[in-house]
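Report on the following structure.
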Amino acid sequence: MTVFSARSAVPAARALPPAPVNQLPPLEAVRPTPLDWARRRRAERDARRIEAAGARALSRLDHLGPSWHVVDWPRTELTETSMLDLDYRSRDERAGFLAIGPSGLFAVTVADHGRSRVLIAGDVVQINGKRPAYVSEARRDAKRAAKALSNAVGLTIPVTPVLTFVGSGVISVYGLPNECLVATHRELDRLLVAGGNRISAATAEKLSRVAQSPSTWLNAPYRSAADYRWYEDGRTAADKHAGRR
């Protein structure tokens, strides 16, 4: 983070003339209403809860090793104006991050269900009688991440959606959704490494650098894959060592 020094005051020679004595008194600050205060407190409490749920899920990935990378990415559409808003992450209803490693790329969506019981039947998730669209939102986030990374690199980059539940309530599963992985935060690390080695550690590191760039998530112009060096000098895809079976 770059910190700019404060600008000096206006020189005395160019200072503005003194204000007239009979100027109007400053307006008093408008006090928030009790409803506004309650809404702000509730928003702050929800933001802390979301952050804590994301931290619990991230704690399971600490021991995966240096070949895995976690990237905090904006799960909402960004523009040039919204990128200037440093608090854009607080507007997300759920925590989420990208996990990039030898098993591939995963868009992890974290849902905090607390002590409530969770019922999962395919694409339907029911909590306290409500049916939030967790599965469809996880797929949408993964699809948007894959599109942004593919446009930035110039190659097709698949991203797998992962829905992770954080809480102590019982989770009953009557059928898993298609094209979306589901796990508790305690099983997240084992779920990510279950896919084996699909990409090299060097490729995972390069993809993480692309994901960390803010321009990747904007509507940036297409960049050719020639701008990225996926192999060392003098090597091609045919020079890769065959994996053991």
Side-chain angles (χ1 to χ4, degrees), residues 41-65 68-77 88-146 148-149 158-196 198 204 208 211 217:
R41 290 293 302 271
R42 182 170 54 188
E44 294 175 353
R45 182 174 62 252
D46 292 343
R48 290 193 297 267
R49 178 177 55 82
I50 293 172
E51 184 178 359
R56 292 180 65 183
L58 282 173
S59 64
R60 303 296 304 182
L61 309 183
D62 292 339
H63 61 278
L64 288 182
W68 281 87
H69 311 272
V70 176
V71 180
D72 185 15
W73 69 295
R75 296 170 55 244
T76 56
E77 295 292 342
Y88 67 88
R89 295 180 182 86
S90 63
R91 295 195 296 266
D92 290 345
E93 296 180 357
R94 278 163 296 283
F97 53 87
L98 289 177
I100 305 175
S103 299
L105 284 78
F106 302 88
V108 181
T109 299
V110 181
D112 182 12
H113 63 96
R115 299 179 181 178
S116 302
R117 182 180 180 182
V118 180
L119 301 177
I120 302 176
D123 293 354
V124 178
V125 177
Q126 181 171 317
I127 303 176
N128 292 331
K130 299 180 180 179
R131 295 185 177 182
Y134 286 167
V135 175
S136 60
E137 291 177 0
R139 290 175 181 157
R140 179 201 60 194
D141 292 342
K143 184 177 180 180
R144 195 175 66 83
L149 293 173
V159 178
T160 304
V162 178
L163 179 58
T164 301
F165 289 95
V166 176
S168 58
V170 178
I171 300 179
S172 302
V173 180
Y174 299 95
L176 294 174
N178 296 326
E179 300 179 353
C180 181
L181 303 179
V182 180
T184 64
H185 72 281
R186 300 180 182 87
E187 304 170 344
L188 181 59
D189 53 342
R190 296 193 295 269
L191 177 66
L192 296 182
V193 300
R198 298 181 179 179
S208 67
W217 309 108

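Everything quoted here is computed from the prediction, not taken from an experiment.
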>> Quick check for you: to the nearest 0.5 Å, what is the distance between R198 atom CZ and T160 atom OG1?
In response: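 With rounding to 0.5 Å, CZ (R198) is 6.5 Å from OG1 (T160).
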>> Return the CG to CZ distance between N128 and R115, rounded to the nearest 0.5 Å.
In response: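 Nearest 0.5 Å value for the CG-CZ distance: 13.0 Å.
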> Hey, does the side chain of S103 reach the backbone of L192 with a donor-acceptor pair shorter than 3.5 angstrom?
Replying inline: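 Present.
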> Do the side chain of W68 and the main chain of D62 share a donor and acceptor less than 3.5 angstrom apart?
Replying inline: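 Flag not set: sc W68 to bb D62 has no pair under 3.5 Å.
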>> Less than 4.5 Å apart, side chain to side chain, heavy atoms only: is that true for R131 and V124?
In response: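 They are in contact (side-chain heavy atoms under 4.5 Å apart), so the answer is yes.
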> Taking side chain as C-beta onward, heavy atoms only, is V125 less than 4.5 Å from V118?
Replying inline: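 SC-SC contact between V125 and V118 confirmed.
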>> Tell me every residue that passes side chain to side chain donor-acceptor pair (under 3.5 Å) with S136, counting only those two or more places apart in sequence or in another chain.
In response: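 Not a single residue meets the side chain to side chain donor-acceptor pair (under 3.5 Å) criterion with S136.
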>> As a quick check of understanding, evaluate side chain to side chain contact (heavy atoms under 4.5 Å, CB included) for L61 and F97, giving each step before the final call.
In response: CA-CA 12 Å; L61 309 183; F97 53 87; 3.7 Å; yes
Check [X] against [Y] and note the closest heavy-atom contact, atom names and distance.
X	Y	result
K130	P132	O-CD, 3.3 Å
Y134	A111	CE1-CB, 3.6 Å
A211	V71	O-CG1, 3.7 Å

Scan the side chains in residues 163-184 for donor-acceptor partners under 3.5 Å anywhere in the protein, sequence neighbours excluded, and list what turns up.
| unit_1 | atom_1 | unit_2 | atom_2 | d |
| --- | --- | --- | --- | --- |
| S172 | OG | R117 | NE | 3.3 |
| S172 | OG | R117 | NH2 | 3.0 |

> Taking only residues at least two apart or on different chains, which pairs with a member in residues 180-196 satisfy salt bridge (charged side-chain N to carboxylate O under 4.0 Å, His left out)?
Replying inline: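 Found R60-D189.
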